[in-house]
Amino acid sequence: MNKYSLKINGNSVLVAVKNCLGMSREVFRGSISDIENIYSFEGRISAFSPLGIMLKTRSGKKITLFSGMFRDDAEEAVAAVNAFIAEINVWKGF
């Protein structure tokens with residue numbers, strides 16, 4: 001199973017994926033201003049469906065960061081990352 005990581009260092013963002021063999025590759029690298037949105041989505045239509053977290057860049061690239069999360073966990077993670085990005089953008093003046 002692939003594992004995605006989201007790293008934010010100052011104004012730079014790195015999304016990487018690691019496979020079950022431990023091999024890692026870069027999926028996205030850019031600045032925080034390159035991120036348009038991070039949101040949760042349902043994999044199936046049901047109140048009990050697991051949710052995932054999607055990152056969308058300004059260039060239109062969509063990256064699924066996590067899937068199979070409980071609704072509360074996914075929404076909490078999305079809110080935390082979006083709040084962090086908004087705070088950095090205000091602090092940096094974007």
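- Side-chain atoms of K61 do not come within 3.5 Å of backbone N or O of L55 as any donor-acceptor pair.
- To the nearest 0.5 Å, atoms CG (L14) and NZ (K7) are separated by 6.0 Å.
- Looking only at distances, a side-chain donor or acceptor of R58 sits under 3.5 Å from a matching main-chain atom of S33.
- In plain terms, the two heavy atoms of M54 and T64 that are nearest each other are CE-OG1, 3.4 Å.
- The 12-atom threshold is not exceeded at CD of E76, counting heavy atoms of other residues, nucleotides or ligands nearer than 6.0 Å.
- V78 and I8 fall within a single hydrophobic cluster, where Ile, Leu, Val, Met, Phe, Trp and Tyr side chains are chained together by heavy-atom contacts under 4.5 Å.
- Contact of the V13 side chain with the F28 side chain is registered, since non-hydrogen atoms from C-beta on lie closer than 4.5 Å.
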Intermediate values then yes/no, side-chain contact (heavy atoms from CB on, under 4.5 Å), N82 and N37: CA-CA 8 Å; N82 279 328; N37 197 7; 4.2 Å; yes

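- Looking at D34, its side chain does come within 3.5 Å of a backbone N or O of S31 through a donor-acceptor pair.
- A distance-only check finds no donor-acceptor pair linking the side chain of N19 to the backbone of S24 [under 3.5 Å].
- Put simply, OH on Y39 and NZ on K62 are 4.0 Å apart, with the number rounded to the nearest 0.5 Å.
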